[in-house]
Amino acid sequence: SPSAMMAGQVTWPPGYAKVLAGLAVPYLSFKFAVRWTVGSEEDARGWGRETYVCAFAHQALSAACTAWLACARARDADAWLVGGWSSGDHLKEALLMLANMTEMWTDCLLYAHYRSFSYEYWVHHASTFLAAAAVLACDSAPVGFAIVYAGLMELGSGALSLALLAPSPVTFCLRTALYAASRFASAAVLVVCTWCAARGKVGIPVAWLAPVWVLMLVNLRWAADMLVRHINRQAADPWATPKGGKGS
């Protein structure tokens, strides 16, 4: 049964806390370097250019790492998607999840003063952090599902950040297409994962997926707003948060 699968398997490995603290050094160093280079003056959308640069850097790296991991695990894709942390050597996957957590809390630390860092951004960042922590703490959580879900989210968010760094009709259309497609694909992955959890096919309680669903619903609303605006050919940002990249 799912409860039996979970017995004695919920813990936060001490090594993860050390890695999470260690990742703060490169992340904060990079973000402060970007701030020193491009400044932190708030634009009309309520963000500083530093947020666009740092968001895109993280998103591009995360998406690339996800693609690399998926290719590396292709031969055992089924086992990788549903297998837990103890089912193999998943150090790289754990590092990617910890990097996402680091991105969230360093964002809150450095960018919360911006006008557009709204309530929805706090919900997004908190749910992302908690979802990643829950997956890492649950030894039998489906590693592959978590990585694919996160990677798809970052891919779509990267398109938003790219459009802000290099605005053009092409990048504007690309951001709408990739963002919406990535959110719907992520939702499909999450639906399958939730169904598997409910039937005991993956070792994570359905309740532990709640933060992931909160994150998903926020992003689906943003995607719907974006599609409506794009269909109506409105040039303004659909949710007035051009940092965009945090929609991951």
Legend entry - Side-chain H-bond candidate by donor/acceptor type, Ser161 with Gln59, under 3.5 Å: yes
Inset, instruction - Say whether Trp208 and Val202 are linked into one hydrophobic cluster, either directly or through other cluster members, by side-chain heavy-atom distances under 4.5 angstrom. - result: yes
Inset, instruction - State, yes or no, whether a side-chain contact exists between His58 and Asn100 at a heavy-atom distance under 4.5 Å. - result: yes
Inset, instruction - Tell me yes or no: between the side chains of Tyr121 and Asp107, is some donor less than 3.5 Å from an acceptor? - result: no
Inset, instruction - Verify the distance criterion only: is there a donor paired with an acceptor across the side chains of Trp213 and Thr194 at less than 3.5 Å? - result: yes
Legend entry - Nearest atoms (heavy-atom pairs only) where Leu215 meets Ser127: CB-OG, 3.5 Å
Inset, instruction - Please examine the side chains of Pro142 and Cys196, heavy atoms only from C-beta on, and report whether any two atoms are closer than 4.5 Å. - result: no
Inset, instruction - Taking the six-membered ring for Trp and the single ring otherwise, decide whether the centroids of Trp122 and Phe129 are under 6.0 Å apart. - result: no
Legend entry - Within-4.5 Å side-chain heavy-atom neighbours: Glu50 and Lys31: no
Inset, instruction - Scan side-chain atoms only and decide if Tyr52 and Asp43 contain a donor-acceptor pair under the 3.5 Å cut-off. - result: yes
Inset, instruction - Check the pair Trp80, Phe145 against ring pair (Phe, Tyr, Trp, His ring centres under 6.0 Å), reporting the backbone distance first and the verdict last. - result: CA-CA 8 Å; Trp80 179 64; Phe145 269 129; 9.2 Å; no
Inset, instruction - Flag yes if Val212 and Leu130 sit in one hydrophobic cluster, no otherwise; membership is Ile, Leu, Val, Met, Phe, Trp, Tyr, and two members link when side-chain heavy atoms are under 4.5 Å apart. - result: no
